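Everything quoted here is computed from the prediction, not taken from an experiment.
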Amino acid sequence: MDINEVKELLEKFDHSSLTEFDLREGSFELYMNKNNVSQRTVQAQSETEKVSEKAVIVEAEPVISARPAEAPRQAATEGEEITSPLVGVVYLQPAPDKSMFKSVGDKVKKGEVVCIVEAMKLMNEITSTVDGTITEILVENEAIVEYNQPLFRVAKGE
C-alpha cells in the first residue's frame with residue numbers, strides 16, 4: 001500500500017462516523033483511532049528483519065500508527081472478569097479527591113458502577129456483570145485500556 005492510498009483512507013475515515021479502523025494486509029498493518037487517547041507505539045516486525053515501521057501522524061486527530069503486539073495475559077485465576085467495553089482512559093475513582101469506586105475485598109452487585117472509562121471526552125460508567133467480591137484490580141488509575149481488556153476479577157458469590 002502506498003502513501004496516496006493511506007492518505008485516501010485517512011480522508012474517508014476522517015469524514016466517516018467510525019471511531020476506529022484496523023486494516024491488516026499481509027505484513028502491512030494500519031490502525032486509525034479518533035478517540036482522544038491512543039497507544040502510539042511502533043514496534044519492529046522482527047529482530048532478524050530489522051525493519052522498523054513508522055507512524056504517520058496528521059497534525060492532531062485522527063492518529064494512525066502501527067498497533068503494538070498484545071501483551072501476554074497472566075495465567076487465569078478463579079473468578080469472573082469485568083472487561084472494558086471500549087477503548088479509553090480508566091478512572092477507578094469518581095473524582096481525584098474521592099475514594100475508589102471499589103477496592104480488593106469489596107462486595108459488588110451486578111449493575112453496580114466499578115469504574116469509569118473516558119472515550120472521546122465522554123465518561124462511560126462501567127458496571128459489574130456479576131455479584132461477588134473483588135479479588136483483583138487488573139489496571140491502574142488513569143491507564144489507557146483497550147476494548148475487552150480485563151479490568152477487575154470478581155469471585156462469584158453472595
Side-chain angles (χ1 to χ4, degrees), residues 9-10 13-14 16-25 27-46 52-58 60-158:
L9 278 173
L10 174 61
F13 177 72
D14 192 32
S16 74
S17 62
L18 294 174
T19 57
E20 289 187 272
F21 177 77
D22 193 1
L23 172 68
R24 295 176 189 187
E25 187 175 52
S27 64
F28 178 80
E29 188 172 325
L30 178 68
Y31 175 69
M32 293 187 265
N33 180 345
K34 289 183 186 177
N35 298 319
N36 289 330
V37 292
S38 178
Q39 293 182 356
R40 293 170 22 184
T41 310
V42 179
Q43 291 193 339
Q45 289 180 342
S46 74
S52 64
E53 299 174 355
K54 294 183 180 175
V56 177
I57 301 172
V58 179
E61 291 180 347
V63 174
I64 303 173
S65 65
R67 175 174 269 177
E70 287 190 27
R73 278 201 175 169
Q74 298 176 356
T77 59
E78 289 201 23
E80 193 158 319
E81 292 177 340
I82 299 173
T83 59
S84 177
L86 63 162
V87 175
V89 177
V90 67
Y91 295 101
L92 300 176
Q93 47 197 97
D97 59 335
K98 304 284 183 183
S99 61
M100 290 178 50
F101 284 104
K102 293 292 175 184
S103 299
V104 173
D106 288 352
K107 301 279 187 211
V108 66
K109 296 228 179 269
K110 187 174 183 176
E112 189 175 356
V113 176
V114 293
C115 65
I116 294 172
V117 174
E118 177 187 9
M120 296 183 67
K121 298 186 183 184
L122 292 174
M123 299 297 186
N124 301 280
E125 291 183 340
I126 308 305
T127 58
S128 177
T129 54
V130 65
D131 292 342
T133 304
I134 304 280
T135 59
E136 197 174 355
I137 299 174
L138 304 170
V139 293
E140 292 184 28
N141 191 42
E142 298 182 11
I144 296 172
V145 294
E146 296 292 327
Y147 170 75
N148 219 20
Q149 179 178 339
L151 305 172
F152 297 87
R153 186 164 284 117
V154 179
K156 286 186 179 181
E158 301 170 30

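- When all heavy atoms of Lys102 and Val114 are compared, the pair lying nearest together is CG-CG1, 4.1 Å.
- Counting only heavy atoms from C-beta outward, the side chains of Val113 and Thr127 approach each other to under 4.5 Å.
- Note that CG of Asp131 and NZ of Lys109 are 5.5 Å apart. Values are rounded to the nearest 0.5 Å.
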Side-chain donor-acceptor distances from residues 85-97 under 3.5 Å, at least two apart:
residue: Tyr91; atom: OH; partner: Glu118; partner atom: OE1; Å: 2.9
residue: Gln93; atom: NE2; partner: Ala95; partner atom: O; Å: 3.2
residue: Gln93; atom: NE2; partner: Pro96; partner atom: O; Å: 3.1
residue: Gln93; atom: NE2; partner: Lys98; partner atom: O; Å: 3.0

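- With contacts defined as side-chain heavy-atom distances shorter than 4.5 Å, the pair Ile137/Met100 qualifies.
- Between Asp106 and Phe101 the shortest side-chain heavy-atom distance does not fall below 4.5 Å.
- Heavy-atom contacts from other residues, nucleotides or ligands closer than 6.0 Å to CD of Glu125 number 12 or fewer.
- Looking at residues two or more places apart in sequence or on another chain, you find a side-chain contact (heavy atoms from CB on, under 4.5 Å) between Thr129 and Glu80, Ile82.
- For the residue pair Lys110/Ser128, the side-chain donor-acceptor check at 3.5 Å is not satisfied.
- In this structure, Ile126 CD1 and Ser84 OG are separated by 5.5 Å, a value rounded to the nearest 0.5 Å.
- Under a 3.5 Å cut-off, the side chain of Thr133 and the backbone N or O of Ala155 do not form any donor-acceptor pair.
- Taking OG1 from Thr83 and CG from Leu151, the interatomic distance works out to 6.5 Å, rounded to the nearest 0.5 Å.
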